[in-house]
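Before any comments, here is the structure.
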Amino acid sequence: MKRKNILLIGGSHGIGFEIALKLYSEHNIYIASRTSENLGNLEVTHIPYDASKDEIDPSALPERIDGFVYCPGSINLKPFKMLDPKAFEEDMQINFMFLVKIIHTILPNLKNSEQASLIFFSTVAVKVGMPFHTSIAAAKGAIEGFAKALAAEYAPQFRVNVIAPSLTETPLAKRLLGNEKKKELMNNRHPMKRVGQAEDIANIARFLLSDDSSWITGQVIGVDGGMSTLNVN
Ligand SMILES: NC(=O)c1ccc[n+]([C@@H]2O[C@H](COP(=O)([O-])OP(=O)(O)OC[C@H]3O[C@@H](n4cnc5c(N)ncnc54)[C@H](OP(=O)(O)O)[C@@H]3O)[C@@H](O)[C@H]2O)c1
């Protein structure tokens, strides 16, 4: 199997970290994030990078990027009347605009790959309307539209797919799963009777980054314990 160069924007925690754990022995992993302490001695290349402030240093990147995953995101759940336009703007920035910016920067590196695979994250709350999700659903909806158009424009050279998780136990979701009672409530909301684990999402990301998925592009894949498609309650 050919060793790929895979760039994870945000692989220091959560889902991105789990992807790094699954892939580092088979591929060259580059993690661009604000912190690196959690990486310990993991054999990856860390690039200090804050998507909200910095341009990524192109000289720190490999010339050829075969896989790309953008992990920064937000969970800002409030009634619409409490979400002012600034809150929408902030969600749009971290989830979508900084993603667009980094892809512009790394286009030449992606083009050096035989077939680059790009993965973005959406949320179950784009397919299913949920109260208090107006801002995040709008930002992630932008990602879904962008991903499909980008996939069309760059086919067959790039594959672009989106993973749409439901609630997954990571640092980002800490506030929603802060105690056993909250967790039980959230577990029970899902047809599969549990919230997601980072590994549930990393498994599909590994597949999408591999050549086993070379005929899959422009898809939004729900990894959500049945939340987007089943009504069992
Ligand atoms: N967890 C869920 O319940 C859930 C549900 C639906 C969708 N999602 C989506 O799935 C994706 C991954 O979520 P997660 O739960 O793994 O998130 P997470 O636990 O917050 O991890 C995010 C990663 O991105 C990095 N990051 C955050 N802001 C950054 C910035 N400004 N510049 C560079 N790196 C930054 C963080 O590293 P540093 O802090 O070191 O920078 C971290 O490695 C997100 O897009 C999220 O919206 C998650």
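For reference, positions follow the sequence shown, starting with 1. Since the structure is predicted, the reported quantities are computational estimates derived from the model, not experimental observations. For ligands, and for the atoms within them, numbers begin at 1 and follow the listed sequence. Side chains are part of it too, since the values below use all heavy atoms of this structure and drop only hydrogens, waters and symmetry mates.
The distance from ligand 1 to the heavy atoms of I15 drops below 4.0 Å at these ligand atoms: 10 (O), 12 (C), 13 (O), 16 (O). Annotation for ligand 1: atoms under 4.0 Å from non-hydrogen atoms of Y49 are 32 (N), 33 (C). Residue L167 approaches ligand 1 through these ligand atoms, each under 4.0 Å from one of its heavy atoms: 3 (O). Counting the atoms of ligand 1 from 1 in the order shown, those under 4.0 Å from a heavy atom of I94 are 31 (N).
For atom 14 (P) of ligand 1, the closest non-hydrogen atom of the protein is T170 OG1, 3.6 Å. Counting protein heavy atoms only, atom 31 (N) of ligand 1 is closest to D50 OD1, 3.0 Å. Here the heavy atom of the protein found nearest to atom 17 (O) of ligand 1 is L172 CB, 3.5 Å. Closest to atom 47 (O) of ligand 1 among all protein heavy atoms lies K140 NZ, 2.9 Å.
A heavy-atom distance below 4.5 Å is not found between the side chains of E26 and K4. Under the 4.5 Å side-chain criterion, counting only non-hydrogen atoms from C-beta, Y70 is not in contact with I143. The shortest side-chain heavy-atom distance between N76 and I136 does not fall under the 4.5 Å cut-off.
By heavy-atom distance, the residue among S122, S33, P171, S12 lying nearest atom 34 (N) of ligand 1 is S33. Nearest to atom 6 (C) of ligand 1 by heavy-atom distance, out of P48, P165, G14, is P165. Ranked by closest heavy atom to atom 4 (C) of ligand 1, the top entry among S166, A173, G73 is S166.
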Run the side-chain hydrogen bond (donor to acceptor under 3.5 Å, both in side chains) test on S135 and D91 for me, step by step, so that the C-alpha distance in whole Å, both residues' side-chain angles and the decisive distance to 0.1 Å come before the verdict.
CA-CA 7 Å; S135 177; D91 278 340; 2.6 Å; yes
Check step by step if side-chain hydrogen bond (donor to acceptor under 3.5 Å, both in side chains) holds for H13 and T170.
CA-CA 8 Å; H13 300 283; T170 68; over 6 Å; no
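Between A51 and ligand 1, at least one pair of N/O atoms sits closer than 3.5 Å. Backbone and side-chain nitrogen or oxygen atoms of Y70 are examined, and none is located within less than 3.5 angstrom of a nitrogen or oxygen of ligand 1. Close N/O approach between C71 and ligand 1 is found [any backbone or side-chain N/O within under 3.5 Å].
Between the N203 side chain and the D200 main chain, no donor and acceptor come within less than 3.5 Å of each other. Side-chain atoms of N109 never come within 3.5 Å of backbone atoms of I65 as a donor-acceptor pair (strictly under, hydrogens ignored).
The line from CZ of R3 to CD1 of I29 is 8.0 Å long, rounded to the nearest 0.5 Å. Annotation: the span from H46 atom NE2 to S12 atom OG amounts to 6.0 Å, rounded to 0.5 Å.
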